[in-house]
Amino acid sequence: MPLRFYNTLTQQVQPFEPLDGPGPGTTVRMYTCGPTVYDFAHIGNFRTFVFYDLLRRWLRADGYKLDHVMNITDVDDKIIRNAVAQGKSLGEYTDIYTKAFLDDCATLRLERPERIARATEHIPQMAAAIHKLEEHGFTYRSDGSVYFRIGKFPEYGKLSHNDFSGMVSGARVDVDEYEKSDARDFALWKAPKEGEFAWDTEIGPGRPGWHIECSVMAIQYLGSTLDIHAGGIDLVFPHHENEIAQSECLTGKPFSRFWVHSEFLLVDGQKMSKSLGNFYTLRDLFGRGFTPESVRYLLASVPYRKGLNFTFDGLKSAQTAIERLRNFKFRLDSAKLPEGVNETLITQATAAVAEFRSAMDDDLNTAEALGAVFEFLRHANTALDAGEFHTGNLDSARRLLALFDSVFDVLNPTAQTGGLSEEEVEQLIAARAAAKKSRDFARADQIRKELTEKGIVLEDTKDGVRWKRKS
RNA sequence: GGCGCGGUAGCCAAGUGGUAAGGCAAGGGUCUGCAAAACCCUUAUUCGUCGGUUCGAUCCCGACCCGCGCCUCCA
């Protein structure tokens, strides 16, 4: 079965085929909605960003090349309000959170998109696009602001599968404190209010509405029709619906072939959001001693279209599962194996690789993919215990782990700063080994205790002493 | 009300018209100077409820109950 995704547009899982034809070798044009940098991102946000990362990695595993653009929204009402309140310029304010966001992404091992595009660096292009929409009669003005006239786009609602035809035109909702002639219309360009910051452009002074930046930057860098447009499920309406309206009126072409959306992360069964105040940032979790890998694993292990209920137990369980995988890798690297090959295990490893691939091809079913890995891990551990894992079984076992880690990327521990150096630890371990050999167990236990107190965990294995830093 | 997602063992979770993957936890065992760690084994006659279709349904159909999200800014 080929790679396939659930497409919000068609409400079906369908084979993925880019505009330029199926892979391998085809470049996939992908646009993902990034953060609004008015605060630290929380792990609910990162659920979606981890999803983008899985999408990237798996497209590449299937032989595709990538041209991936992600935006950073660095201008909106909240940003302006907060920047003014803190007496900072827009740039000074957003730089802080932009940098924090990019740092967090790196910590979570999220691959960097080919291009990260900031809204404020594309203001003239947005103005030009709005101007073009005005020329073609898709807009109207009100007090210097420009609105998109939804009535001009009959397909409006096709993504969110809402039927707007019954809505009464002219009903007024004054949510944005701007005058609209139809509740469904949305702002392309907002005129500055008294004393507000504004850009001077060919369509007059003001600032862009939220939706236009994505359309403009996506089309500028990726062309009129994207292969994949991704985002959190809450963006389906109105954000992505509006993007479609603007973009398709601008180019006359379908804006994206696939629309993929990640479900929410919940806390205590409720959406994690800043307005509810029930959110955690990565910094919060690291402060409680959790590792970046365990956060990454937890967010990746539940398939993206299923709501994920965040708990600390879940995080702990992720950490333990990672440890088990690392232990297995350690055994492969250190165990003394008999020569030869165990054909049964070769078959099992090959099957596990195939299962992993087919699970991921099936709309990124990470839970099923993990099942294949752990099942093989159990077979292999049993064989290792019985001395039936041979040197000839190493390659296939490592191939499976490599495939797993090319997606999950959790096997290598994040380097920790502080504490004993590796050399110091090795010296103490050697001293303990010597004490044990001369049956001075009191001394050996003393050294072990010292190490434990300094956060070093020792494991006596058949193949020598292994140590790791306690997380 | 409209649109959408989900209800599978203590928790997380996959899945198929033919009789329930996997992870964590728990219990048992192996190993070990002791310990820790590691590894192995065991754990759902049952898949929200009630009907229907079928030789047979957790998986198909209908009704209902419950949880969550979007419909206004939001990953």
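Below, read A as the first sequence line, B as the second, and so on, with proteins coming before strands; counting in each chain starts at 1.
Distance check on atom P: B/G1 versus B/A14 gives 28 Å, rounded to whole Å. Nucleotides B/G15 and B/U46 place their C1' atoms 14 Å apart, quoted to the nearest Å. Of the C1' atoms belonging to B/C47 and B/C39, the separation is 31 Å, rounded to the nearest Å. The separation of B/U8 from B/C59, taken at their P atoms, amounts to 14 Å, rounded to a whole angstrom. B/C11 and B/G7 are spaced 14 Å apart, taking the P atom of each and rounding to whole Å. Nucleotides B/U49 and B/A38 place their P atoms 38 Å apart, quoted to the nearest Å. If you take atom P in B/A36 and the same atom in B/G23, they sit 23 Å apart, rounded to whole Å. Using atom C1' as the reference point in both B/A25 and B/G10, the two lie 7 Å apart (nearest Å).
Using a 4.0 Å heavy-atom cutoff across all strands shown, A/Phe237 reaches sugar-phosphate atoms only and no base atom. Within the nucleic acid shown, A/His239 has no heavy atom closer than 4.0 Å to any nucleic acid atom. A/Thr36 comes within 4.0 angstrom of sugar-phosphate atoms only, judged by non-hydrogen atoms across all strands, and of no base.
Of the candidates B/C68, B/A75, B/G22, B/C68 carries the atom nearest the A/Leu266 side chain, counting heavy atoms from C-beta on. The side chain of A/Tyr6 has B/C5 as its nearest neighbour among B/A75, B/C5, B/C3. Distance from the side chain of A/Gln11 is smallest to B/G4 among B/G4, B/A75, B/G2.
A salt bridge links A/Asp53 with A/Arg296: the distance from a Lys NZ or Arg NE/NH1/NH2 to an Asp or Glu carboxylate oxygen falls below 4.0 Å. Using a 4.0 Å cut-off between charged nitrogen and carboxylate oxygen, A/Lys329 and A/Asp405 do not count as a salt-bridge pair. With salt bridges taken as basic N to acidic carboxylate O contacts below 4.0 Å, one links A/Asp409 and A/Arg57. Taking the charged nitrogens against the carboxylate oxygens, A/Arg184 and A/Glu241 have no contact shorter than 4.0 Å, which rules out a salt bridge.
A/His211 has its ring centre no less than 6.0 Å from the ring centre of A/His240.
When rounded to the nearest whole Å, the span between CH2 of A/Trp259 and C1' of B/C70 equals 16 Å. For the pair A/Glu263 CD and B/C70 C1', the computed distance is 10 Å after rounding to whole Å. Rounded to an integer number of Å, the gap from NE2 of A/His261 to P of B/A75 is 13 Å. Atom P of nucleotide B/G23 and atom CD of A/Glu355 are separated by 13 Å, given to the nearest angstrom. If you measure from atom CG of A/Leu265 to atom P of B/C12, you get 13 Å, rounded to the nearest angstrom. Protein atom CG of A/Asn7 is 15 Å distant from nucleotide atom P of B/G4, rounded to whole Å. If you measure from atom CG of A/Asn82 to atom C1' of B/C73, you get 13 Å, rounded to the nearest angstrom. Following rounding to the nearest Å, A/Tyr38 (OH) and B/C73 (C1') show an atom-to-atom distance of 8 Å.
Pair assignment for B/C59 gives none, since no Watson-Crick or G-U wobble pairing has each distance under 3.5 Å. Look at B/C31: it lacks any Watson-Crick or wobble partner with both distances under 3.5 angstrom. Shown here, B/U45 forms no base pair; nothing in the strands shown gives a Watson-Crick or G-U wobble contact with both key distances under 3.5 Å. Across all strands shown, B/A20 remains unpaired; no Watson-Crick or G-U wobble contact has both distances below 3.5 Å. In this structure, B/U54 forms no base pair with any nucleotide, since neither Watson-Crick nor G-U wobble geometry is met with both distances under 3.5 Å. Pair assignment for B/A9: none, as no Watson-Crick or G-U wobble contacts are both less than 3.5 Å. Base pairing of B/U72: no nucleotide in any strand meets the Watson-Crick or G-U wobble criterion (both distances under 3.5 Å).
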For residues 371-383 of chain A, which side-chain donor-acceptor pairs fall under 3.5 Å, sequence neighbours excluded?
unit_1, atom_1, unit_2, atom_2, d
A/Asn381, OD1, A/Arg331, NH1, 2.9
A/Asn381, ND2, A/Leu377, O, 3.4
A/Thr382, OG1, A/Arg378, O, 2.9

Please list every donor-acceptor pair under 3.5 Å in which a side-chain atom of residues 396-403 of chain A meets a protein atom from a residue at least two apart or in another chain.
unit_1, atom_1, unit_2, atom_2, d
A/Ser396, OG, A/Asn393, O, 3.3
A/Arg398, NH2, A/Leu332, O, 3.4
A/Arg398, NH2, A/Asp333, OD1, 3.1

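Comparing A/Gly231 and A/Leu298 by the nucleotide of RNA chain B that holds the closest heavy atom to each, the one mapping nearer the 5' end is A/Leu298. Across the interface with RNA chain B, nearest-nucleotide mapping of A/Val236 and A/Tyr297 shows A/Tyr297 to be the residue nearer the 5′ end.
Judged by the 6.0 Å distance and 45° axis criteria, A/Arg466 is positioned over the aromatic ring of A/Phe330.
Not a single salt bridge (charged side-chain N to carboxylate O under 4.0 Å, His left out) links A/Lys78 to another residue, sequence neighbours left out. Listed by chain and number, the residues in a salt bridge (charged side-chain N to carboxylate O under 4.0 Å, His left out) with A/Asp76 amount to none (sequence neighbours excluded).
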### Query
Tell me, for nucleotides 33-43 of chain B in 5' to 3' order, what letter each nucleotide earns: B for a base near a protein heavy atom under 4.0 Å, S for only sugar-phosphate near one, - for neither?
BBBBBSSSS--
### Query
What string of B, S and - do you get for nucleotides 13-18 of chain B, 5' to 3', when a contact is any protein heavy atom under 4.0 Å?
SSS---
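In this structure, A/Gln319 contributes its side chain and A/Lys316 its backbone to no donor-acceptor pair below 3.5 Å.
Remark: the A/Asp284 side chain and the A/Thr281 side chain contain an N/O donor-acceptor pair separated by less than 3.5 Å.
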